[in-house]
Amino acid sequence: MLQRWEQLLSDVVAIPGVRGASLISTEDGLVVAEAAMDELDGNDVAALVSALVSRATRVTRAIHAAPPRLVQLAGDGGTLLGMLADEPLWLVAIAEPGAEIGRLRVLLGDLAGAVT
Amino acid sequence: MRVLEPWVEAPLAEFLRESAARLALITTASGQVIAQHGFTRSLDVMAAATLGAGILATTGELARMVDSPEGFRVVVHQGQQRGVWLAGFDTPRGRWIALVVFGEASTVGLVRLFFHRFVERLAAAAPRSVPVREVLAEGFERELDASLRSLFGGN
Amino acid sequence: MVLEGLAADPTLAAGHDLLGRIRADEGDDASAMVSWRAALGCEPGHLGALKGLAFLAFRARDYATAERHLESASHRAPHDASLLTALDRVRAVRPSVHDEAREFDDPANGLLLADADGMRLRGGLGQDAPGAASDAAAAEAGGLLREATRNARLLGLGTVKHLVIESTDARFVVCPVRPDAALMAYRTPSTPTGRLVAMAQRAAGAAEKWLEEMS
């Protein structure tokens, strides 16, 4: 299972400009699998993205909307993209400025269905 | 928050804010309470400190049994609504124990991330002049009682 | 005949919708609006009423409102080609910057400005979200932006430009306006993400000017 997930993540980091990708559990904020997270601690990413998803969930709950299935945080130093795979698992990718975010969104959406 | 050693306050406040932990108890390995946040009764602090030290000691034995002689650095208990993070860690003032209780506003990952930063901040903030005291198991209760009196008052 | 039918059953959304069409054909836009709103009151999300209200808004050159009604209709009937064509047409004629500033004042347009303490300063999250829900969203907006800022800082993403949140029935963009304020834009998933980001950023610019004037 872990090997298959790491293969999925390696497809994500193959997109130019993607610094790393991971599969995280937002329930406990821990990393499940990761690829090419050399400069980033996968555990830090898991903890922080889980907190962000938790906050986003509070906002959707406030207006009685369905829980989030995508979060995209754009900064001037890069973009974080998280896609719900199979609750509580989220696929997360971090990209440099200039990376093809549209393509990354589509790919994460496709791969999210393969994480079961 | 109540602290016996003022230099612990800023790193602990930052840890509590960032991790969204509900309760925290920092003791020395000998039982002296260094700081606590969220406990309202000295009796609860005493029970938590004693149980925490006991859990770390027993899991240390378990670690030796499963051929991990350096012991477990962290023990996590995850409940439905509350979790407990229990860790022994080294500071310039000797070995300390942290017991952190977190709820739904936090996760194990978040506590882990900011606990590591807390340990680093403590190391940077610790005064170097006071010598590290020797840890004696038989002194645990006496140290605990004395520090609780300091934190909660004389009774 | 329609009026008699409605007198017998005033909760019949289709009756109000038909009456709205008749009145719009007669050029009585005010009465048509009353009828279509009544249809929505009987059946929230009634497709004919949403289309009718969009038509009235378009005729009155209120393109923002027209777009909003068409987006709601499109969310309920995503394969209706006539709706998508109408949306394209409205978006093509809609002026942007001026409209955003004006749109911001109408709570029904899904733009909300909150301060760092989570208090609502201006706007709201649309006609489907009552004031209490908008206040609740504002209360969360500050914390959400703080969390986004912490993520960006610790993960090396620099200064936050915007945050997108998508669910199966909602799409949000949150932008920092100043360190003490956050702007939230909310639409149904029929609004393209890139467009919503652009709208939110323009509205954030308008909000910043407003905050400067206030201080």
Side-chain angles (χ1 to χ4, degrees), chain A residues 19-20 22 24 29 37-84 87 90 92-97 99 101-102 104-106 108-109 112, chain C residues 110 112 114 118 120 124-126 128-176 182 184 186-189 192-194 196-197 200-201:
Chain A
R19 291 165 61 196
S22 58
I24 67 164
M37 301 287 278
D38 297 343
E39 298 163 24
L40 292 163
D41 185 331
N43 285 306
D44 292 2
V45 173
L48 292 164
V49 175
S50 297
L52 187 62
V53 169
S54 169
R55 280 285 185 182
T57 305
R58 287 167 63 164
V59 172
T60 56
R61 197 181 295 147
I63 64 147
H64 313 295
R69 49 175 291 280
L70 176 145
V71 293
Q72 180 182 338
L73 172 57
D76 57 10
T79 297
L80 178 153
L81 198 57
M83 184 84 69
L84 175 64
E87 189 68 49
W90 280 65
V92 178
I94 294 180
E96 293 168 352
I101 300 302
L104 185 57
R105 278 174 62 110
V106 172
L108 285 187
Chain C
L112 183 151
R120 182 153 62 114
L125 290 186
D128 296 335
S134 293
D135 286 341
E140 299 295 347
L144 178 64
L145 195 57
R146 271 196 299 279
E147 189 56 63
T149 304
R150 179 168 77 165
N151 263 261
R153 178 169 47 88
L154 295 176
L155 298 178
L157 304 177
T159 305
V160 174
K161 292 198 293 188
H162 61 260
L163 171 69
V164 178
I165 300 166
E166 294 179 14
S167 74
T168 52
D169 58 359
R171 189 163 281 180
F172 294 88
V173 172
V174 181
C175 295
M184 185 180 279
Y186 160 62
R187 291 292 167 103
T188 63
T193 301
L196 189 57
V197 169
Q201 285 174 336

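Below, chain A is the first sequence line, B the second, and so on; all start at residue 1. Computed from a predicted model, the values in this text were never measured in an experiment.
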Query - Side-chain touch C:L144/A:L52, heavy atoms, less than 4.5 angstrom - result: yes
Here the pair of heavy atoms bringing A:G75 nearest to C:K161 is O-CE, 3.7 Å
Checked A:D44, A:I94, A:L80 vs chain C; the most non-hydrogen pairs under 4.5 Å come from A:L80
If one checks every heavy atom of A:V53 against chain C at 4.5 Å, the contacting part turns out to be neither
Counting heavy-atom pairs under 4.5 Å with chain C, the top scorer among A:A74, A:G77, A:P68 is A:A74
Among C:A137, C:G143, C:A138, the residue with the most heavy-atom pairs under 4.5 Å to chain A is C:G143
Hits for side-chain hydrogen bond (donor to acceptor under 3.5 Å, both in side chains) against C:Q201, two or more places apart or cross-chain, chain-then-number order -> C:H162
Applied to residues 47-58 of chain A, the side chain to side chain donor-acceptor pair (under 3.5 Å) test, sequence neighbours excluded, yields A:R58-C:E140
*Are the side chain of C:S167 and the backbone N or O of A:A66 linked by a donor-acceptor pair below 3.5 Å?*
yes
With chain A, the option among C:T149, C:T159, C:V174, C:V160 that has the most non-hydrogen atom pairs under 4.5 Å is C:T159
Bottom line for A:R19: the part with an atom under 4.5 Å from chain C's heavy atoms is side chain
Check your understanding: Any side-chain heavy-atom pair from A:I63 and C:Y186 closer than 4.5 angstrom?
Key -> yes
So, the part of C:T193 with a heavy atom under 4.5 Å from chain A: the answer is side chain
Checklist entry - Any side-chain heavy atom of C:L155 within less than 4.5 Å of one from A:L73? => result no
Whatever's closer than 4.5 Å to a heavy atom in chain C on A:L40 counts as side chain
When the 4.5 angstrom heavy-atom criterion is applied to C:A170 and chain A, the contacting part is side chain
Answer key: most heavy-atom pairs under 4.5 Å with chain A among C:T168, C:V173, C:N151, C:I165 is C:N151
